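In this text the structure is predicted, and so the values were computed from the model without any measurement. Values reported hereafter were calculated over all heavy atoms of this structure, with side chains retained and with hydrogens, waters and symmetry mates removed.
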Protein chains: 2
Amino acid sequence: MSRSEKPDMKERILETADRLFYLRGIRAVGVDTVAAEIGISKRTLYNHFPSKDALIRAYLERRFTRVPASDKPPVEQILGTFDRLERGFASKGFRGCPFVNAVAELGTEDRAVRKIAIAFKESRRVWFRDLLLQLDVPDPEGLATQLTLLVDGSIAQDLVRDDPSMARAAKQAAAVLLANAGVEVGGDAAEKPQPATDRRRPASS
Amino acid sequence: MSRSEKPDMKERILETADRLFYLRGIRAVGVDTVAAEIGISKRTLYNHFPSKDALIRAYLERRFTRVPASDKPPVEQILGTFDRLERGFASKGFRGCPFVNAVAELGTEDRAVRKIAIAFKESRRVWFRDLLLQLDVPDPEGLATQLTLLVDGSIAQDLVRDDPSMARAAKQAAAVLLANAGVEVGGDAAEKPQPATDRRRPASS
DNA sequence: TGTTAATTACACAGATCGGTGTAATCAAGC
DNA sequence: GCTTGATTACACCGATCTGTGTAATTAACA
């Protein structure tokens, strides 16, 4: 099949489109820009993707990475999510949730895009729920939803404020919700102190 | 000053820009579209706003409406926020947070837009905090932040899923956080039952 | 009535966009 | 060496976008 020297041209296009779409915005990046960034002709790009819409869909589907399985205790996995979030926020390349951004950019009328976004949000909710089922909480479905609210809330707040401590605030709230559901939460899991005021990266504001 | 028959041309332009920008997206709506929607010439629009960027900024500043003062008890005000949210979600014209959407669309590099968005988010956090101060909770700053996470989380989730029950889930979580801080929460404040599954509007999906 | 300012219609500039057509070039497999 | 398929350069299309220039028109006010 593949006669091209570089492993897979389609994957190279997707990698570049992912980086540009996510960092600069989907509408802000043209197909010419994507092709030029890789150093290929626009024609080659259109030989792999019939339209920009198809490229956008492929970009979002590629972003749909499953959360890796873990053998750690469910509580640690749940609260660890917010630690990963905080590290993500602090990294330079973070710019919000690609699915929420895509819906915000392309509108709710774009069925294909919204379908992928919904699937992603639901997959995370189910991931929470399955962990909560192991913990025997009274209402795993509802609590899982509440945890996703904290995740998406901290992502939106960090996108605007560029303040990674939002993940820490979300983690503390999650710990309270878990404790309220009868789950034993390790004392060090949610480091309480931390006034959380002004933990912005100096680059911003 | 104003020689125009209609009260204020500038306000008419802003009203229309608000509706179109919010519902269809800022980048998706051109200045020609805004002018045509009102029935004025593009030249008139540019006589009131020097550029589209200026119109965008004015649109966001106009969206920056303060939460009205209320004499109801602080707890009711806080939890009532989520009831208002749910009604907003259920209304046809809801399409997420205009500030988050603007940052998602225009990028974090747009200093002016981001500054307005940050100011708005902070104003809501301060509104929560001032109410919490009246309730004598241990950490009003941190709890206020957590409440904003629930607000923005439910907004993001509703934008994607078109599911107004997200506001209800947020309200229940908020009630738990308040109770955990020692606040007396009325039993009817957070109507517990409600499996919350599939409360979508029939129009969607 | 005459002055003044707002609004109008309309053409147009300059850029960018998504997408196509074509013929040449290049590299791998038989 | 020849065939085949991928890639290339490059021109080009039509649409859309922000923004401007201009001269005519309208309406309020003195």
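Atom CZ in A:R43 sits about 15 Å away from atom P in C:dG18, given to the nearest Å. When the P atom of D:dA9 is taken as reference, atom CG of A:D32 falls 13 Å away, rounded to whole Å. Protein atom CG of B:L45 is 11 Å distant from nucleotide atom P of C:dT8, rounded to whole Å. In this structure, the CD1 atom of A:I38 is 10 Å from the P atom of D:dT8, given to the nearest Å. Regarding B:L55, its CG atom lies at a distance of 14 Å from the C1' atom of D:dG19, rounded to whole Å. One interatomic measurement links the two molecules: NZ of B:K10 to P of C:dA6, which rounds to 12 Å at whole-angstrom precision. Atom CZ of B:F49 and atom P of D:dT20 are 15 Å apart (whole Å). A straight line from OH of A:Y46 to C1' of D:dA9 spans 17 Å, rounded to a whole angstrom.
Within residues 21-30 of chain B, no residue has any heavy atom closer than 4.0 Å to DNA chain C.
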Please table the atom pairs, donor to acceptor, closer than 3.5 Å between any side-chain atom in residues 53-60 of chain B and protein atoms at least two apart or in another chain.
none

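Taking the six-membered ring where the residue is Trp, A:F82 and A:F128 present parallel rings, their angle staying beneath 30° rather than reaching 60°. In this pair, B:F94 and B:Y22 present their aromatic rings perpendicular. The plane angle is above 60°, beyond the 30 to 60° band.
Mapping B:N47 and A:K42 onto DNA chain C by nearest heavy atom places B:N47 at the nucleotide closer to the 5' end.
Salt bridge B:E86/B:R168: present, at least one basic N to carboxylate O contact under 4.0 Å. Ion pair A:R125/A:E141 flagged as a salt bridge, since at least one NZ, NE, NH1 or NH2 atom sits closer than 4.0 Å to an Asp/Glu carboxylate oxygen. A salt bridge links B:R19 with B:E37: at least one charged nitrogen is closer than 4.0 Å to a carboxylate oxygen.
Phosphate proximity of C:dT7 to B:S41: absent, as no side-chain N or O sits under 4.0 Å from OP1 or OP2.
Counting only N and O atoms by type, the side chains of A:T148 and A:T145 include no donor and acceptor under 3.5 Å apart.
Side-chain proximity of B:H48 to the nucleotides D:dT7, C:dT7, D:dA9 is greatest for C:dT7.
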